[in-house]
Amino acid sequence: MDCKTACVLMSAAVDGEISFTEEQDFLLHLSQCKRCREEFDDAKKTKMIIKERIIRFRAPQALITTIMQLTDFNTRETEETLLYE
Amino acid sequence: MWAIIRIHLEPGRFQIMDKPAPTHQTNIPTKKEALPREERQKQLEFQNEAVVHLHSLYNYALHITMNPDDAEDLVQETYLKAYRFFNSFERGTNCKAWLFKILKNNYINRFRKNSKEPGKVDYDLIKDFYHSIKDTRRDSSEADTDYFYSLLHEEVYQALLSLPEEFREVIQLCDIEGFTYEEIANMVDSPIGTVRSRLYRGRKLLRAQLEGYAKKYGLNTDNDQ
Ligand SMILES: [Zn+2]
């Protein structure tokens with residue numbers, strides 16, 4: 001495998017979207033190529049940073065209520081019907 | 001007994017907590033008949049399959065609209081449409097992906113209708129937005145994290161927002177929402193190969209941005225996880 005092919009497979013390798021044989025070839029290339037190895041580590045690190053550092057917001061209560069109303073879950077009668085049948 | 005659903009949010013995930021255990025209430029003549037059985041089943045299924053993704057949808061809507069009111073509208077529209085067309089949802093497939101696709105289509109239609117171009121990122125606006133929303137809506141369990149950590153949250157967010165939309169989008173869908181390439185390809189109407197290369201290039205751009213911030217604050221990125 002050359003660097004160009006390795007680059008094509010880079011994100012797929014980070015995300016586990018790569019076939020077993022592709023991965024074998026890819027890892028073999030990394031073991032021989034410092035540049036691609038570093039790039040692979042960087043890509044993995046970048047993914048992890050995004051995953052861990054982006055704050056997830058709580059949806060506003062009004063929105064939750066609206067969505068629940070959509071399926072009539074807000075009414076007491078419906079609740080009893082659905083949950084305590 | 002009134003609040004039947006409590007939604008609990010942890011960073012990165014949420015779930016609907018257990019419903020309260022049934023108490024007494026046995027032979028109360030309820031208004032069962034008011035709602036056909038199929039409709040009730042549809043509601044239950046919709047709740048289990050679709051409503052559980054409410055927080056994810058809201059976060060995604062926030063990211064693409066950069067406006068809490070628009071985000072709410074968008075999510076609401078999405079659920080309305082999803083409920084109406086719930087029969088066309090292919091059972092066994094990823095409902096979250098299905099909902100995201102609807103949301104994205106809604107978003108595109110709305111922008112087209114208003115002939116509003118998604119504008120350039122205004123960093124001051126983002127900063128204000130991020131701070132205001134962080135103060136009011138941030139999960140309290142994170143309230144005591146130190147200043148540096150929350151600053152980094154913001155820097156990462158800004159770095160992400162600075163990317164061209166086509167790159168930002170796939171990174172959000174992949175790294176934040178955890179969709180597969182196939183699901184993302186379907187959402188962005190592009191082949192899997194395109195998703196793959198956008199992720200590759202997007203992460204490289206992002207890396208460069210983050211390194212810029214890190215240098216600014218004298219951080220060593222190599223030690224940063
Ligand atoms: Zn190489």
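Hydrogens, waters and symmetry mates play no part in the numbers below; they use all other heavy atoms, side chains included. Note on naming: letters A, B, ... go to the chains in the order of the sequence lines (proteins, then strands), and numbering restarts at 1 for each one. Since the structure is predicted, the reported quantities are computational estimates derived from the model, not experimental observations.
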inquiry  = Around atom CZ of A:Arg37, are there more than 12 heavy atoms from other residues, nucleotides or ligands closer than 6.0 Å?
reply    =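 Yes.
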request  = Please check if atom CD in B:Glu182 has more than 12 non-hydrogen atoms from other residues, nucleotides or ligands closer than 6.0 Å.
outcome  =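 Counting neighbours around CD of B:Glu182, 12 or fewer heavy atoms of other residues, nucleotides or ligands fall under 6.0 Å, so no.
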Any chance you could measure [X], atom [atom1], to [Y], atom [atom2], to the nearest 0.5 Å?
| X | Y | atom1 | atom2 | result |
| --- | --- | --- | --- | --- |
| B:Gln76 | A:Gln69 | CD | CD | 9.0 Å |
| B:Leu160 | A:Ile49 | CG | CD1 | 12.0 Å |
| A:Asp42 | B:Leu206 | CG | CG | 11.0 Å |
| A:Asp15 | B:Arg196 | CG | CZ | 11.0 Å |
| A:Leu63 | B:Leu57 | CG | CG | 9.5 Å |

[X] versus chain A, heavy atoms under 4.5 Å apart: side chain, backbone, both or neither?
| X | answer |
| --- | --- |
| B:Tyr83 | side chain |
| B:Lys204 | side chain |
| B:Phe46 | side chain |
| B:Glu177 | side chain |
| B:Ile192 | neither |
| B:Leu199 | both |

inquiry  = Under a plain distance cut-off of 3.5 Å, with no hydrogens placed, do B:Ser56 and A:Arg56 share a side-chain donor-acceptor pair?
reply    =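 Yes - a donor-acceptor pair under 3.5 Å links their side chains.
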Heavy-atom pair with the smallest gap, counting every atom of [X] and [Y]:
| X | Y | value |
| --- | --- | --- |
| A:Lys51 | B:Asp175 | CG-O, 3.2 Å |
| B:Cys174 | A:Lys47 | SG-NZ, 3.8 Å |
| B:Val156 | A:Arg53 | CG2-CB, 3.8 Å |
| B:Tyr200 | A:Ser11 | N-CB, 3.9 Å |
| A:Ala59 | B:Tyr58 | CA-CD2, 3.6 Å |

inquiry  = With a 3.5 Å distance limit and no angle check, can you tell me whether B:Asn59 reaches the backbone of A:Phe57 through a side-chain donor-acceptor pair?
reply    =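 Confirmed, B:Asn59 side chain pairs with A:Phe57 backbone.
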ask   = Only one of B:Val75, B:Val51, B:Leu54 forms a side chain to side chain contact (heavy atoms under 4.5 Å, CB included) with A:Ile64, so which one is it?
value =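 It is B:Leu54, the one option of B:Val75, B:Val51, B:Leu54 that forms the side chain to side chain contact (heavy atoms under 4.5 Å, CB included) with A:Ile64.
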request  = Could you look at A:Thr46 and say if it's the side chain, the backbone, both or neither that has a heavy atom under 4.5 Å from chain B?
outcome  =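 Both parts, backbone and side chain.
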task = Please flag which part of A:Gln61 lies under 4.5 Å from any non-hydrogen atom of chain B: side chain, backbone, both or neither.
result =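 Neither part.
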ask   = Does some side-chain heavy atom of B:Val195 sit less than 4.5 Å from a side-chain heavy atom of A:Glu17?
value =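 Answer no - side chains too far apart.
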